[in-house]
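So you know, we letter chains A, B, ... as the sequences are listed, proteins then strands, and number each from 1. Computed from a prediction, not measured in an experiment: that's the story for all the values here. Just so you know, these numbers use all the heavy atoms, side chains as well, and skip hydrogens, waters and symmetry mates.
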Amino acid sequence: MTATVPELSIHSESVEAQEGRRTARSPQPHPRHESRPAGGGFLATLRPEVRPEQSPASRGGASPDRNDTLTQEQAMTDSKISVRDFDFFYGTAKVLHGISLEIPAQKVTALIGPSGCGKSTFIRSINRMNDIIPDARGVGTITIDGQNVYGDETDVVELRRRVGMVFQKSNPFPKSIYDNVAYGLRIGGMRNKRQLDEIIERSLTRAALWHEVKDRLHASAMALSGGQQQRLCIARALAVDPEILLMDEPASALDPIATSKIEELIYELKDNYTIVIVTHNMQQAARVSDRTAFFMLGKLIEYADTNAIFMTPKEKMTEDYVTGRFG
Amino acid sequence: MTANLRRRKLVSHIFEVLCGLAVVVALIPLAMILFYVIKEGAGSLNLDFFTHMPKPVGEAGGGMANAIVGTLILIGIAAAFAVPIGCLCGIHLAEYPGKFSSAVRFAADVLNGVPSIVIGIFAYGLVVLPVKRFSALAGGVALGMLMIPIVVRTTEELLLLVPGGLREGALALGATRSRSVFSVIVPAALPGILTGILVALARVAGETAPLLFTALNNAYWSTSLSQPIASLTVQVYTYANSPYDDWHRQAWAGAFLLVMMILTLSIAARLAVRRLERMNRS
């Protein structure tokens with residue numbers, strides 16, 4: 001546990017990432033792989049070697065511009081989603097109690113906690129998926145780029161286009177692979193075949209599925225394996241070019257190989273998207289996220305850099321949970 | 001084995017046997033109907049039955065071409081207005097539940113239970129009396145009214161079988177409520193809804209009472225919507241009541257055709273629903 005812990009926290013790329021955001025969407029080498037936790041230490045033992053081609057040595061060279069104190073502050077000002085005193089009710093039952101947190105842009109934020117702690121309810125509040133549940137309501141504010149998600153001026157349909165979501169259970173539509181990815185584009189009014197083809201290829205490529213399905217784009221999506229279906233759902237969400245990607249336990253129904261593919265994907269995607277992921281799996285949170293929020297009984301117990309949560313939690317409850325003493 | 005345990009096992013066994021017997025008793029009528037209809041009807045069914053008009057009394061042969069076409073026209077009219085109304089109503093119940101949903105559901109169930117002869121009288125008052133003429137249209141309206149509650153309920157039930165994840169998936173991509181319903185949920189349930197409609201059609205195709213004073217009957221070839229029209233069921237009823245052996249044979253053949261039609265559609269419906277349920281689980 002005391003071995004050297006590689007820096008996993010936010011580093012000084014937020015500004016350039018922000019500037020490069022719109023242009024950097026095309027698949028290209030990801031220099032930020034470097035910042036992946038290096039071998040050795042607690043985190044490495046949790047992480048299966050999904051990238052054997054990257055030896056610890058090649059990852060060792062830290063970027064020269066790294067300056068952690070500066071970026072820490074930037075991260076706080078560079079928040080994409082801002083939550084203030086958010087409560088949530090199912091009928092009269094209060095399931096979220098005064099949640100406040102800032103979710104940074106272009107980072108992966110993990111929500112962990114025992115079953116029933118409200119993390120799914122919280123993530124579904126961000127794109128107002130809870131609206132479809134009768135008698136459910138949120139109180140407080142959630143803003144995205146300063147715009148109140150629950151404000152009167154916010155159109156929920158437009159909001160959900162900007163905030164993509166991937167669900168625990170993969171939910172491909174019973175249509176072809178192509179039509180699944182085209183769905184969001186078509187409801188946006190896109191009819192141009194060439195444009196559709198292009199975006200569909202790009203989305204599937206980004207979701208690391210293109211090579212597996214390029215020869216059967218018009219086959220039913222239901223014939224894909226569970227892991228492929230989940231990546232298809234990610235491609236479908238990416239096709240409409242959202243700013244934020246919410247993932248509600250995206251790998252909990254998948255086998256370890258499919259899980260590691262999804263995790264790699266999350267790692268690649270964070271350069272361009274702000275990702276919020278709910279997970280039951282603490283190793284997964286440690287592997288993929290920059291920031292981690294620990295929920296318990298509807299309250300936010302602790303929210304900090306991921307390695308701080310796992311290595312030096314401030315709260316006793318957090319420590320008990322991440323070390324597996326309960327939950 | 002103690003006496004107590006022996007007694008409990010005996011009681012258990014007796015109940016098992018009683019339940020089994022009840023199943024046998026319940027199935028006897030079905031088996032006998034099928035047996036008699038096949039035995040009497042299958043022999044009389046031939047190509048002429050489908051292509052020829054009825055022969056006058058005393059002449060052997062002939063068919064029910066006019067009644068077969070008449071039945072198709074009648075259920076066509078019924079479907080033309082019962083399917084859109086019933087499906088949209090079912091979509092409303094399943095996808096836009098509100099304060100009145102349970103009332104609407106109850107009303108549909110009551111309408112489903114109204115004796116078909118009463119529906120026939122209603123259609124008589126609605127369509128036949130104003131124009132003072134029995135017509136295919138009146139028969140179609142009566143059958144359509146019988147169809148609506150069945151279509152409403154099957155549509156609703158099948159839509160509710162569609163996995164909730166599909167609904168959420170479409171909404172999460174920025175689809176409007178209606179868009180998600182019509183582009184994802186209804187297509188997913190479509191095979192089931194279609195067979196539900198077919199079952200409803202089969203059910204009303206077997207109705208006689210509501211046609212007696214709406215479509216009446218017609219011994220001649222007619223495809224006019226404003227004229228009385230022949231139908232398989234009324235023809236079977238008429239022939240079965242007649243004293244002629246030839247006509248009895250024709251009635252059996254008609255009954256056989258009806259039963260086969262309904263059986264086929266029911267089996268198809270079961271298969272479609274099973275497919276949907278499998279999708280729901282996976």
J.: Taking B:N112 for the side chain and B:A108 for the main chain, is one N or O donor matched with an acceptor at less than 3.5 Å?
T.: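 No; judged by distance alone, with no hydrogens or angles, the pair does not exist.
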J.: What class does the angle between the rings of A:F86 and A:F122 fall in, given that below 30° is parallel, 30 to 60° is tilted and above 60° is perpendicular?
T.: perpendicular
J.: Looking at A:R236, A:R186, A:M165, which makes the most heavy-atom pairs under 4.5 Å with chain B?
T.: A:R236
J.: Which bit of A:F173 is near chain B, if near means a heavy-atom gap under 4.5 Å: side chain, backbone, both or neither?
T.: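 Answer is both: backbone and side chain atoms of A:F173 are under 4.5 Å from chain B.
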J.: Between A:Q230 and A:S170, does the side chain to side chain donor-acceptor pair (under 3.5 Å) criterion hold? Intermediate values first, please.
T.: CA-CA 5 Å; A:Q230 192 61 296; A:S170 62; 5.1 Å; no
J.: A quick test of your reading: do over 12 heavy atoms of other residues, nucleotides or ligands sit less than 6.0 Å from CD1 of A:I257?
T.: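 Incorrect, the count does not exceed 12.
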J.: Please determine whether the number of non-hydrogen atoms from other residues, nucleotides or ligands lying under 6.0 Å from atom CZ of A:R191 exceeds 12.
T.: yes
J.: Is the count of non-hydrogen atoms from other residues, nucleotides or ligands lying under 6.0 Å from A:F89 atom CZ greater than 12?
T.: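 Yes - once you tally the heavy atoms of other residues, nucleotides and ligands closer than 6.0 Å, there are more than 12.
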J.: Could you name each residue pair satisfying side chain to side chain donor-acceptor pair (under 3.5 Å) that touches residues 86-95 of chain B, not counting sequence neighbours?
T.: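 Listed by first then second residue: B:E95-B:R167.
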J.: Tabulate, in ascending numerical order, the residues of residues 127-149 of chain A having at least one heavy atom closer than 4.5 Å to a heavy atom of chain B, or enter 'none'.
T.: A:N127, A:M129, A:I132
J.: Counting only non-hydrogen atoms closer than 4.5 Å, can you tell me which residues of residues 170-181 of chain B sit against chain A?
T.: B:A170, B:L171, B:A172, B:L173, B:G174, B:A175, B:T176, B:R179, B:S180
J.: Going by an N to O cut-off under 4.0 Å, is there a salt bridge joining A:K214 and A:E201?
T.: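 No.
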J.: If you count the non-hydrogen atoms of other residues, nucleotides and ligands that lie under 6.0 Å from OH in B:Y96, is the total more than 12?
T.: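 Counting neighbours around OH of B:Y96, more than 12 heavy atoms of other residues, nucleotides or ligands fall under 6.0 Å, so yes.
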J.: Show every salt bridge (Lys or Arg N to Asp or Glu O under 4.0 Å) that has at least one partner inside residues 202-211 of chain B, sequence neighbours left out.
T.: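 Non-adjacent pairs meeting salt bridge (Lys or Arg N to Asp or Glu O under 4.0 Å): B:R203-B:E207.
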J.: Chain B heavy atoms under 4.5 Å from A:V163: which part of the residue, side chain, backbone, both or neither?
T.: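 When you check distances to chain B, only backbone atoms of A:V163 fall under 4.5 Å.
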J.: Before accepting this row, confirm whether a basic side-chain N of the pair B:D109/B:R153 lies closer than 4.0 Å to the acidic partner's carboxylate O.
T.: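 Looking at B:D109 and B:R153, the cut-off is met.
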